Structure formats: C-alpha cells, structure tokens
S.K.: 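Here it is, the structure in full.
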Amino acid sequence: IYILTGKEFLCYDGETVKTVSEDAYIPTILISRNPTGGGTLYEGVNLINPKRKESFLGNATDKVYQLSANKIDSVNKVEVLGTNGETTEVTDYTADLTTGKITFTKAYEPAVPGQDNVFITYTKTVEGYADRINNCTISDLYGVGGSNRVFLSGNPDYKAYDWYSDIFKPNYFPDLNYSIVGTSDTAIMGYQRLGKYQMIIKEDNQQDSTVFQRWGMSDADGNVTFSVEQGIAGIGAISKHCFGILADEPLFLSRQGIQAITSNNIVAERTMRNRSFFVDSYLTTEEGLENAVACEWNGFYILCVNGVAYV
C-alpha cells in the first residue's frame with residue numbers, strides 16, 4: 001500500500017511502514033561510458049532517491065574514471081564484471097567527491113570486448129527533487145495497455161504539475177516524467193478515467209480550461225509518450241476528495257454541485273452535466289465545500305460535509 005501524506009511518500013508491506021525512498025529503484029543513467037566521459041543516456045534520475053549508477057567500458061590503461069556529476073555526496077558501490085560473467089564489488093579505489101573522479105589502483109580491461117565492465121553507484125542530492133513527490137496529495141493509476149503507472153499531483157508548490165512513474169515501478173519517478181497541465185497558477189484537483197483517456201480536472205477558473213484529457217502512445221521500440229489536450233473553459237473541482245465513479249460515470253464536486261463528465265470530446269459544449277439538481281439548493285450553500293469527502297458505496301455516490309451526507 002502506497003500512502004501520500006502531503007509531506008511523505010510511504011509504503012506499507014503488511015508488517016512495516018517505511019518511506020518509498022528507502023527501497024527506491026536505482027537507475028543506470030549512463031551506459032557505454034568511457035573512463036574519460038561520454039556514454040549513452042539510458043535512464044532518468046529518480047526524483048525520490050539521490051542514488052544513481054553509471055556503466056563504464058574499461059580499458060587496459062585508464063585508472064581514473066570521471067563521473068557525469070561533480071560535488072557528489074558519496075560513492076556507494078563499485079563493481080567489476082569478471083571473466084565468469086558475474087560482478088564483484090571492489091574497494092581498490094579512492095574517490096574525489098568534489099570533482100567526481102574515481103581513481104583505481106589498476107586498470108580494468110573488459111572480460112568481453114565491447115561489454116561494459118565497471119559499474120559505479122553514487123549519491124548526488126539535488127535540492128528539492130524528493131519534495132516534488134513527497135508533497136503530492138492526489139494520485140491515479142493510468143498507462144498504455146493498462147493501469148501500469150502511478151500519476152501524482154497536488155503539490156502546493158507545483159500546482160499545475162503532475163509526475164508519472166516508470167511502468168510497474170511506483171518507486172521510480174524519472175526526473176523528466178512530468179507535465180505542466182494548463183496555466184501554472186491553477187491547481188490540478190483530481191483524475192478520472194473515461195475510456196482510454198485520463199481526464200485531468202483542475203480547480204475553478206473563469207478564463208482557462210478546467211478539464212484536460214491525456215492519452216498515451218508507444219512506438220516500435222516500446223517508448224511511451226503522453227499527450228495532453230485542453231478543453232473549453234468550464235466548471236472546475238472544489239474538493240480533491242470527491243472524485244468517484246457511479247455506474248461508469250465519473251463524478252466530482254464543483255461549486256455548482258456534483259458534475260458528471262459525459263463525453264471525451266472535451267472541446268465541445270455540454271461535456272459536463274449536473275447530477276445533483278434536487279439537492280443543490282442545500283449542497284451549494286454548505287460552508288467548507290473544499291473539505292467535503294465522497295465515495296461510491298453499494299450503487300450510491302455519498303458526499304459528506306459538515307456532518308451531513310448527500311446521497
């Protein structure tokens with residue numbers, strides 16, 4: 001179970017609770033890198049964990065290996081691929097954390113020509129990276145071919161931003177996996193699914209779009225990209241806790257009452273319909289609607305605020 005508190009991103013495995021960063025995926029950011037530099041970009045830096053790995057192709061002469069980052073925090077592990085096809089951790093090196101240079105006592109020639117044989121894992125903290133995820137308050141599961149990625153938003157410092165994880169890796173949020181949805185001064189309030197689309201609902205805005213839709217595509221190499229299309233300016237959400245689905249119809253709470261998204265043609269009129277007409281004279285006058293909560297239960301959508309339940 002993954003839990004967002006607004007300050008921490010936690011994971012519960014049935015016995016213990018810990019931060020997701022404690023067991024986060026460590027990406028290999030560069031491969032085929034020469035000791036002096038270069039290489040091919042492979043994976044993005046993980047926002048929720050400062051550790052990263054670089055994969056080098058050694059040679060018979062070079063003993064000094066230059067990391068792609070300087071002013072690093074620490075070197076966590078250095079491994080060398082042997083002739084038996086297995087990696088072994090080595091300690092015959094010194095590390096200059098300021099310059100990001102690793103100096104070995106000997107050169108490491110690859111056991112298999114052309115195959116990376118030196119792997120260096122190190123820590124480089126980027127201020128503010130972890131808080132982009134830790135301060136999120138809303139989530140959704142969505143992806144190409146299934147609900148296989150985690151989308152997070154609700155960070156008050158990045159109102160219009162959302163971030164998405166790597167496929168089947170809720171503990172890995174690459175630093176380039178993000179979108180800015182609409183104008184930066186209006187917040188994303190929640191998500192809904194409508195067919196193959198992910199609907200993104202923002203807060204009330206009298207001038208700009210409040211509903212956006214996202215869809216994903218994969219190329220022949222399996223690389224996935226997500227596109228976002230904006231709809232017309234309309235009704236926005238007032239509470240982050242009133243998103244629900246009733247009889248396959250996505251619902252959310254606005255200042256004008258409970259709204260249903262009835263079409264994925266978000267550039268057309270009447271994309272949303274009111275579903276609480278008979279109680280709106282009471283519901284819309286309630287104070288603190290931003291604190292309302294709702295859920296679907298036994299075929300009913302139940303919304304609670306100020307000690308009152310609207311069904």
Side-chain angles (χ1 to χ4, degrees), residues 1-12 17 133-142 147 150-162 170 181-182 186-195 197-206 209-213 231 234-264 266 270-311:
I1 299 176
Y2 290 87
I3 304 166
L4 296 169
T5 71
K7 288 296 182 182
E8 293 179 296
F9 186 28
L10 305 173
C11 179
Y12 175 61
V17 175
I133 300 300
N134 291 338
N135 294 349
C136 287
T137 55
I138 58 178
S139 66
D140 190 38
L141 298 178
Y142 179 70
S147 301
V150 179
F151 283 74
L152 299 180
S153 189
N155 186 327
D157 297 323
Y158 297 88
K159 292 182 178 181
Y161 283 66
D162 66 1
V181 181
T186 57
I188 295 173
M189 299 295 287
Y191 301 94
Q192 291 284 28
R193 285 291 297 273
L194 194 62
Y197 298 101
Q198 181 191 51
M199 313 304 288
I200 308 166
I201 297 91
K202 302 192 70 177
E203 63 184 339
D204 274 324
N205 188 314
Q206 299 301 316
S209 298
T210 53
V211 178
F212 295 74
Q213 68 181 13
I235 299 172
I238 191 173
S239 171
K240 295 180 180 179
H241 312 294
C242 291
F243 289 82
I245 295 179
L246 184 63
D248 296 328
E249 192 169 68
L251 303 176
F252 68 91
L253 177 64
S254 72
R255 293 185 186 276
Q256 294 78 24
I258 298 166
Q259 306 294 324
I261 303 174
T262 59
S263 171
N264 59 26
I266 61 173
R270 299 187 181 276
T271 300
M272 290 180 286
R273 297 291 184 93
N274 180 277
R275 291 292 185 256
S276 55
F277 173 80
F278 294 105
V279 296
D280 279 346
S281 59
Y282 295 96
L283 174 61
T284 58
T285 59
E286 292 276 10
E287 295 183 358
L289 281 177
E290 66 276 7
N291 299 316
V293 297
C295 70
E296 185 277 333
W297 173 79
N298 202 28
F300 294 95
Y301 174 86
I302 302 176
L303 185 148
C304 298
V305 61
N306 300 325
V308 179
Y310 292 88
V311 183

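What you are looking at is a predicted structure, and each value in this text was computed from that prediction instead of being measured. We're numbering straight along the sequence, starting at 1.
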S.K.: Taking all heavy atoms of Asn306 and all of Glu287, pick out the closest pair and write down the distance.
M.R.: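 Smallest heavy-atom distance, with atoms named: ND2-O, 2.8 Å.
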S.K.: Between atom CE of Met189 and atom OG1 of Thr137, what is the distance when rounded to the nearest 0.5 Å?
M.R.: 8.5 Å
S.K.: Atom CZ of Phe252 and atom CD1 of Ile238: how far apart are they, to the nearest 0.5 Å?
M.R.: 11.5 Å
S.K.: Could you tell me which non-hydrogen atom of Leu283 sits nearest to which non-hydrogen atom of Gly257, and how far apart they are?
M.R.: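 Taking every non-hydrogen atom into account, CD2-CA, 4.4 Å.
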S.K.: Quick one: does Leu253's side chain get under 4.5 Å of Val305's, heavy atoms only?
M.R.: no
S.K.: Residues in side chain to side chain donor-acceptor pair (under 3.5 Å) with Gln198, at least two apart?
M.R.: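 Partners of Gln198 by the side chain to side chain donor-acceptor pair (under 3.5 Å) criterion, ordered by chain and then number, come out as Asp140, Arg214.
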S.K.: Are the side chains of Lys7 and Asn135 in touch, meaning some heavy atoms are under 4.5 Å apart?
M.R.: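 A side-chain contact under 4.5 Å exists here.
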S.K.: Drop me the distance from Phe9's CZ to Leu4's CG, to the nearest 0.5 angstrom.
M.R.: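 Going from CZ on Phe9 over to CG on Leu4, the span is 5.5 Å.
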S.K.: Just so I know, are the side chains of Tyr282 and Val308 near enough to count as touching, which here means a heavy-atom distance under 4.5 Å?
M.R.: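 Answer no - side chains too far apart.
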S.K.: Please give me the minimum heavy-atom distance between Glu286 and Leu289, naming the atom from each residue.
M.R.: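 Residues Glu286 and Leu289, closest heavy atoms: O-CG, 3.6 Å.
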S.K.: Within the 4.5 Å heavy-atom criterion, are Tyr191 and Asp162 side-chain neighbours or not?
M.R.: yes
S.K.: Quick check: closest heavy atoms across Arg193 and Gly195, and the distance to 0.1 Å?
M.R.: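 Nearest pair, atom of Arg193 first, then Gly195: NH2-O, 3.5 Å.
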S.K.: If I compare all heavy atoms of Leu251 with all of Ala260, which pair ends up nearest, and what's the gap?
M.R.: CD2-CB, 3.5 Å
S.K.: Contact between Ser147 and Tyr142 at the side-chain level, heavy atoms closer than 4.5 Å - yes or no?
M.R.: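 The answer is no, as the side chains (C-beta and beyond) never meet within the 4.5 Å cut-off.
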S.K.: Which residue pairs pass the side chain to side chain donor-acceptor pair (under 3.5 Å) test with at least one member in residues 242-254, sequence neighbours excluded?
M.R.: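 Every side chain to side chain donor-acceptor pair (under 3.5 Å) pair that includes a residue of residues 242-254, provided the two are not neighbours, is Glu249-Arg275, Ser254-Gln256, Ser254-Gln259.
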S.K.: Any side-chain heavy atom of Ile245 within less than 4.5 Å of one from Gln192?
M.R.: yes
S.K.: Between Gln213 and Leu194, is any pair of side-chain heavy atoms under 4.5 Å apart?
M.R.: no
S.K.: With side chain to side chain contact (heavy atoms under 4.5 Å, CB included) as the criterion, how do Ile201 and Phe243 come out once you've worked through the C-alpha distance, each side chain's angles and the decisive distance to 0.1 Å?
M.R.: CA-CA 10 Å; Ile201 297 91; Phe243 289 82; 3.8 Å; yes
S.K.: Hey, is the main chain of Phe212 close enough, under 3.5 Å, to the side chain of Lys202 for a donor-acceptor pair?
M.R.: no
S.K.: Starting at OH of Tyr301, measure out to SG of Cys242 and round the result to the nearest 0.5 Å.
M.R.: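 If I round to the nearest 0.5 Å, the distance is 4.5 Å.
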S.K.: How would you list, by chain and number, every residue that makes a side chain to side chain donor-acceptor pair (under 3.5 Å) with Asp280, sequence neighbours excluded?
M.R.: Asn274, Ser276
